[in-house]
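Nothing here was measured: the structure is a model prediction, and the numbers come from that model.
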Amino acid sequence: GAKDASGWTSLHACAVNGFLELVKLLVEKGKVDISVQSKGGNTALDLATKRGWADVAEYLDELTPRPSTD
């Protein structure tokens, strides 16, 4: 849950740099919250998408809860 001055977590840092294996490790073993937003309002998924890390973005997107259509 630690954040830097910009509100980034270790997951944000790994996602923005395209480190898929570290992202998986943090999510699967560290049980980090993928919905945490930085002070700029970005999630790790947002950052990976903006940087073009498709593999990281796809992995995080698969884990992102979807609103119910009921």
Side-chain angles (χ1 to χ4, degrees):
K3 296 180 181 181
D4 70 6
S6 297
W8 279 31
T9 65
S10 55
L11 182 61
H12 286 94
C14 290
V16 79
N17 288 295
F19 299 145
L20 179 59
E21 293 306 316
L22 290 175
V23 167
K24 287 181 176 182
L25 184 67
L26 288 168
V27 171
E28 295 168 13
K29 302 289 185 196
K31 307 291 186 206
V32 297
D33 182 358
I34 65 169
S35 67
V36 172
Q37 294 182 351
S38 67
K39 288 184 179 179
N42 292 301
T43 64
L45 172 58
D46 297 330
L47 296 172
T49 300
K50 289 175 184 178
R51 283 284 180 98
W53 299 114
D55 54 348
V56 176
E58 288 171 15
Y59 173 76
L60 291 171
D61 186 55
E62 289 174 2
L63 300 175
T64 301
R66 303 285 183 247
S68 176
T69 57
D70 294 339

Indicate the atoms forming the closest heavy-atom contact of [X] with [Y], along with that distance.
X	Y	result
Leu20	Asp55	CD2-OD2, 3.7 Å
Ala15	Val23	N-CG2, 3.8 Å
Thr43	Gln37	CG2-CG, 3.8 Å
Asn42	His12	O-NE2, 3.0 Å
Leu11	Asp33	CD2-O, 4.3 Å
Val16	Trp53	O-NE1, 2.9 Å

Would you call Val27 and Leu63 a side-chain contact if the rule is heavy atoms closer than 4.5 Å?
-> yes
Quick one: does any side-chain atom of [X] pair with a main-chain N or O of [Y] as donor and acceptor, under 3.5 Å?
X	Y	answer
Asp61	Ala57	no
Asp4	Ser6	yes
Lys3	Ser38	no

Indicate if Leu45 and Val32 have the same hydrophobic cluster label, given that clusters are the connected sets of ILVMFWY residues with side-chain heavy-atom separations under 4.5 angstrom.
-> yes
Establish whether Val56 and Ile34 are linked, either directly or via other cluster members, by ILVMFWY side-chain heavy-atom contacts under 4.5 Å.
-> yes
Roughly how far, to the nearest 0.5 Å, is CG of Leu26 from SG of Cys14?
-> 5.0 Å
Would Asp46 and Thr49 count as having a side-chain donor-acceptor pair, cut-off 3.5 Å?
-> no
